[in-house]
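See structure below.
Every heavy atom of this structure was used, including side-chain atoms; hydrogens, water molecules and symmetry mates were not.
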Amino acid sequence: MKVIPIHASAGITGFESPAAEYAQLGMNLDELLIEHPSATFIGQAIGESMQGIGIFDGDLLIVDRHVTVQNLDVIVANYNGEFVCKMIDMTRRQLLSANETMMPVYIHSQDTFSIEGVVIRSIRCHRPSYLLSSRVK
């Protein structure tokens, strides 16, 4: 993979010519983003509940089933038959949103709950992808 070093500031000042120099990495995007290929899946975020940590509607979530869940990790879970992306508070047995308008959800003993994996990366597409065009909202 070729990486072009572009360092952009928030202001519009232009760029030096990045094509003249680049660093050659001995990896591809799969190797860069996915640590455990046989235990990883990609999901798509829907909704606004995780915006406070930079996960927005339509973002891709790289979810690893191999890593050990830690307190306050962002996870994908099956909660009462619905897949959700939330932070997990293991001490209080709560699912937390990263949006202050949404209340925590308690995980009760009668709830059906299973952690499907830990979100290790998220990807934002700035243009629509034909691969994702079948997404149903």
Side-chain angles (χ1 to χ4, degrees):
M1 169 190 298
K2 297 178 181 178
V3 177
I4 299 173
I6 297 176
H7 304 284
S9 65
I12 305 297
T13 60
F15 298 108
E16 296 177 20
S17 175
E21 293 184 32
Y22 60 86
Q24 179 76 33
L25 297 179
M27 66 178 77
N28 61 35
L29 279 176
D30 288 347
E31 294 170 328
L32 181 65
L33 299 174
I34 300 172
E35 297 171 18
H36 305 104
S38 64
T40 300
F41 66 93
I42 296 175
Q44 190 169 26
I46 298 174
E48 302 174 351
S49 71
M50 299 305 287
Q51 287 183 352
I53 59 168
I55 297 175
F56 293 87
D57 185 60
D59 285 357
L60 299 177
L61 306 175
I62 299 176
V63 183
D64 193 329
R65 292 176 162 217
H66 180 76
V67 297
T68 302
V69 178
Q70 297 178 3
N71 196 44
L72 300 180
D73 269 345
V74 177
I75 62 163
V76 170
N78 185 328
Y79 177 73
N80 292 329
E82 182 178 344
F83 282 101
V84 296
C85 176
K86 301 288 182 191
M87 292 179 293
I88 186 157
D89 181 339
M90 296 167 72
T91 307
R92 295 187 179 117
R93 293 188 48 84
Q94 293 179 332
L95 297 173
L96 307 172
S97 295
N99 182 330
E100 60 189 37
T101 65
M102 299 181 178
M103 300 298 294
V105 175
Y106 289 90
I107 305 165
H108 300 287
S109 59
Q110 68 269 18
D111 290 323
T112 302
F113 179 76
S114 63
I115 296 173
E116 300 300 320
V118 176
V119 177
I120 60 167
R121 315 244 189 304
S122 62
I123 301 170
R124 182 162 309 116
C125 297
H126 295 278
R127 283 191 173 186
S129 168
Y130 73 93
L131 296 172
L132 304 173
S133 63
S134 64
R135 180 182 141 187
V136 178
K137 276 195 168 188

Plane angle bin for His66 and His36 - parallel if under 30°, tilted between 30 and 60°, otherwise perpendicular: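 Taking His66 first and then His36, their aromatic rings sit tilted (interplane angle of 30° to 60°).
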Derivation and outcome, side-chain contact (heavy atoms from CB on, under 4.5 Å), residues Val105 and Tyr79: CA-CA 10 Å; Val105 175; Tyr79 177 73; 3.4 Å; yes
Find the distance between [atom1] ([X]) and [atom2] ([Y]) and round it off to the nearest 0.5 Å.
{"X": "Met87", "Y": "Ser49", "atom1": "CE", "atom2": "OG", "answer": "9.0 Å"}
{"X": "Leu72", "Y": "Gln94", "atom1": "CG", "atom2": "CD", "answer": "10.0 Å"}
{"X": "Leu96", "Y": "Lys86", "atom1": "CG", "atom2": "NZ", "answer": "9.0 Å"}
{"X": "Leu61", "Y": "Ile75", "atom1": "CG", "atom2": "CD1", "answer": "12.0 Å"}
{"X": "Phe83", "Y": "Ser114", "atom1": "CZ", "atom2": "OG", "answer": "7.0 Å"}

Okay, side chain of [X], backbone of [Y]: is any donor-acceptor separation there less than 3.5 Å?
{"X": "Glu116", "Y": "Ala77", "answer": "no"}
{"X": "Asn71", "Y": "Met90", "answer": "yes"}
{"X": "Arg93", "Y": "Tyr106", "answer": "no"}

Residues Thr68 and Gln70: side-chain donor-acceptor under 3.5 angstrom: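 No, Gln70 and Thr68 have no side-chain donor paired with an acceptor closer than 3.5 Å.
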Under 3.5 Å side-chain donor-acceptor pair for Ser97 and Asn99: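 Ser97 vs Asn99: no donor-acceptor pair found between side chains.
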Option among Ile55, Val84, Asp57 that satisfies the side-chain contact (heavy atoms from CB on, under 4.5 Å) test with Met50: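 Filter result, single survivor: Ile55.
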Side chains of [X] and [Y], heavy atoms from C-beta outward: is any pair under 4.5 Å?
{"X": "Ile123", "Y": "Asp59", "answer": "no"}
{"X": "Ile62", "Y": "Val119", "answer": "no"}
{"X": "Asn80", "Y": "Phe113", "answer": "no"}
{"X": "Thr40", "Y": "Arg65", "answer": "no"}

Closest non-hydrogen atom pair, Ile120 against Asp64: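 For Ile120 versus Asp64, the nearest heavy atoms are CG2-CB, 3.9 Å.
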Gly54 to Ser122 - nearest heavy-atom pair and separation: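 Nearest heavy atoms, Gly54 then Ser122: O-OG, 4.4 Å.
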Intermediate values then yes/no, side-chain contact (heavy atoms from CB on, under 4.5 Å), Glu100 and Gln51: CA-CA 10 Å; Glu100 60 189 37; Gln51 287 183 352; over 6 Å; no
Ile42 and Val63: CA distance, side-chain angles, deciding distance, side-chain contact (heavy atoms from CB on, under 4.5 Å) verdict: CA-CA 6 Å; Ile42 296 175; Val63 183; over 6 Å; no
Cluster overlap Val118 with Ile34, hydrophobic side-chain contacts below 4.5 Å: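 The answer is yes; both residues are in one hydrophobic cluster.
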Trace of the side-chain contact (heavy atoms from CB on, under 4.5 Å) decision for Leu95 with Ile107: CA-CA 7 Å; Leu95 297 173; Ile107 305 165; 4.0 Å; yes
